[in-house]
Amino acid sequence: MSTTPTTPPPALRPYLTARHDLLWQEADAFAAEHVAPRATRMEAAPGRVERKVADLMAARRWFAVTIPAVYGGLGAGHVARTVLVHRIARVSAAAAAILQATLVPVGALLHFATYEQKGHWLPRVADGSVLLSIAVTEPLAGGHIGGIETTAEHIGNQWVITGSKIHIGNSHLAGAHLVVARTAGPGVSTSQALTAFMVEADRPGLSVSDHRAGLGLHGFSAGRLDLDHVRVPEDNVVGEIGQGLAVAQSSSILYGRPNLAAVSLGIHEAVVDTTTARLKTRPRYHGALSDLPVLRDRVGDMEARLRAARILAYQAVHLLEQGLPCDADLINSKYLGHQWTMQSTQDAMELHGAHALDGDYVLQRLWRDIQHTYPPAGTGEVQRIRLADAAFDEDHIQWSERLAAEAAWARPDPTAA
């Protein structure tokens, strides 16, 4: 798998500015210098949370790629965040996951936080002093937002939160968590029963379970939070009381899904690069494995999927950046991006023969890592349900359109260099 910096392919020209090109090259150079040497160590020590890469990305203000300059961010927009996540994931999906996991709650703050809350939280993300997580998934409810059991009770001028959250990205790195909890009792519709809260990691009663390595993404933590009567002030409510479903859903669609599409895309490119490099250098008969038509046919399928996934991922965030309704496109980029990468990874495993089974071969890491882009922000079944809603013109909430005004800051100047 090559770590040599590249230039964007011509097919992406409609979506990229000169600023994106520079960011692309900067991300490639960073990945080659700082991520690639650590990727092997991260894989060899799956029980260790990688912190240095997070610090290095924070120093470049990449966690603030979508944060406006007035709060100390880059103000570079949605396409720029896809560039960063995509190019880092090409070398290490775990490092890219660390980046993308904070970008989701940042998006929620941008759309729903008050001016004072933005002034408090966003500069701290921008200077790298605080990373964030979004805590929605629960042990029993899973990703079913309507089944959330964590409760928040209003007592005096505080909220008291009790419950558990699992599979929380950056659980061990985050200095604060955006927690969605139930604030209304039975009989109240889900659309009005939930509220989002910023919960600082050092609040009494909040505990983070010891890091346990997953199947893949070694070095990335996605752990469990337990909240035992955690008290937060009223000022920590993000959005309106009862608006937690909107905070969670919009963040998942506008940020979670395209971020995961970018992670899948980076893995996809690494899979194809690894496979073609192997086939070109493996001798067979009077040439190389890459000369065999039966193998070239399968690689052609892999390349077709990769090119389609690349266009899908960038076109979707480009539409979002223009303030156009594109929820279904964002959903589709995550759904097909994962599915196509899975197909290509399976092809690659078979094309490598027994060599793919060597424990220290990079392809095994790529195979394990791609499994982690399926469940978050909705499984394939969830994505297909939403896409069916679009087919029947029943997708009545278009978060990309509803929040377009708030997203206008992210649209880069097309004349900017």
Side-chain angles (χ1 to χ4, degrees), residues 1-4 6 31 35-36 38-46 85-97 213-220 222 260-285 287-313 333-376 379-381 383:
M1 177 175 53
S2 172
T3 57
T4 303
T6 64
V35 180
R38 289 178 171 84
T40 301
R41 295 200 295 271
M42 291 161 67
E43 190 67 12
V85 176
H86 163 206
R87 301 316 293 167
I88 298 301
R90 177 172 163 263
V91 176
S92 168
L215 175 68
L217 297 186
H218 293 163
F220 173 66
L260 292 165
V263 174
S264 292
L265 179 59
I267 297 173
H268 205 159
E269 286 194 3
V271 165
V272 174
D273 288 347
T274 299
T275 303
T276 55
R278 170 73 175 176
L279 297 183
K280 285 190 295 186
T281 57
R282 186 71 170 170
R284 189 64 80 243
Y285 306 118
L289 283 176
S290 59
D291 297 323
L292 300 181
V294 66
L295 302 189
R296 296 180 72 91
D297 176 72
R298 296 188 70 178
V299 171
D301 253 351
M302 294 168 64
E303 179 71 8
R305 289 190 289 263
L306 172 59
R307 287 173 177 262
R310 188 184 290 134
I311 293 296
L312 199 58
S333 69
K334 191 263 185 181
Y335 170 61
L336 285 179
H338 167 84
Q339 182 170 295
W340 285 337
T341 306
M342 280 291 296
Q343 291 173 329
S344 291
T345 305
Q346 183 60 36
D347 281 347
M349 292 289 288
E350 294 172 6
L351 288 170
H352 277 76
H355 187 53
L357 305 180
D358 292 346
D360 59 351
Y361 190 51
V362 66
L363 197 58
Q364 284 202 10
R365 167 163 64 90
L366 299 174
W367 185 90
R368 288 194 297 270
D369 287 350
I370 191 56
Q371 313 302 323
H372 288 257
T373 67
Y374 182 76
T379 63
E381 288 79 10
Q383 313 305 332

Note to self: Whether the R87 and T6 side chains hold a donor-acceptor pair (N or O, under 3.5 Å, no angle test) is what I'd like checked.
What the structure shows: yes
Hey, are S264 and T341 close enough side-chain-wise for a donor-acceptor pair under 3.5 Å?
-> no
State, to 0.1 Å, how close [X] and [Y] come at their nearest heavy-atom pair, and which atoms those are.
X	Y	result
L260	P376	CD1-O, 3.4 Å
H268	S344	NE2-OG, 2.8 Å
H352	Y361	NE2-OH, 2.9 Å
A262	A89	O-CB, 4.2 Å
H372	G216	NE2-N, 2.7 Å
A348	V271	CB-CG1, 3.6 Å

- Kindly indicate, with the supporting measurements, whether the criterion side-chain contact (heavy atoms from CB on, under 4.5 Å) is fulfilled by W367 and Q346. CA-CA 8 Å; W367 185 90; Q346 183 60 36; 4.0 Å; yes
Distance, nearest 0.5 Å, that separates [atom1] of [X] from [atom2] of [Y]:
X	Y	atom1	atom2	answer
I267	T274	CD1	OG1	11.5 Å
T40	R38	OG1	CZ	12.0 Å
L306	Q343	CG	CD	13.0 Å
R278	L351	CZ	CG	11.0 Å
T379	Y335	OG1	OH	10.0 Å
L336	M342	CG	CE	14.0 Å

Would you find a donor on one side and an acceptor on the other, under 3.5 Å apart, between the side chain of [X] and the backbone of [Y]?
X	Y	value
K280	L289	no
Q364	L357	yes
D369	L217	yes

Across all chains, not counting sequence neighbours, the ring pair (Phe, Tyr, Trp, His ring centres under 6.0 Å) partners of H338 are Y374
The side-chain hydrogen bond (donor to acceptor under 3.5 Å, both in side chains) partners of D358 (sequence neighbours excluded) come to H355
- request: Evaluate side-chain contact (heavy atoms from CB on, under 4.5 Å) for R305 paired with D347, printing each intermediate quantity in order.
  value: CA-CA 12 Å; R305 289 190 289 263; D347 281 347; 2.6 Å; yes
Any heavy-atom pair between the side chains of [Y] and [X] that's under 4.5 Å?
X	Y	value
R310	E269	yes
L265	R90	no
V85	I88	no
T276	L279	no

message: Check this for me: does any side-chain nitrogen of one of R296 and D301 sit under 4.0 Å from a carboxylate oxygen of the other?
response: no
Give a yes or no on this: more than 12 heavy atoms of other residues, nucleotides or ligands lie within 6.0 Å of atom CZ of R298. yes
For a salt bridge (charged side-chain N to carboxylate O under 4.0 Å, His left out) check, start with the C-alpha distance between D291 and R282, then their side-chain angles and the critical distance, and finish with the verdict. CA-CA 10 Å; D291 297 323; R282 186 71 170 170; over 6 Å; no
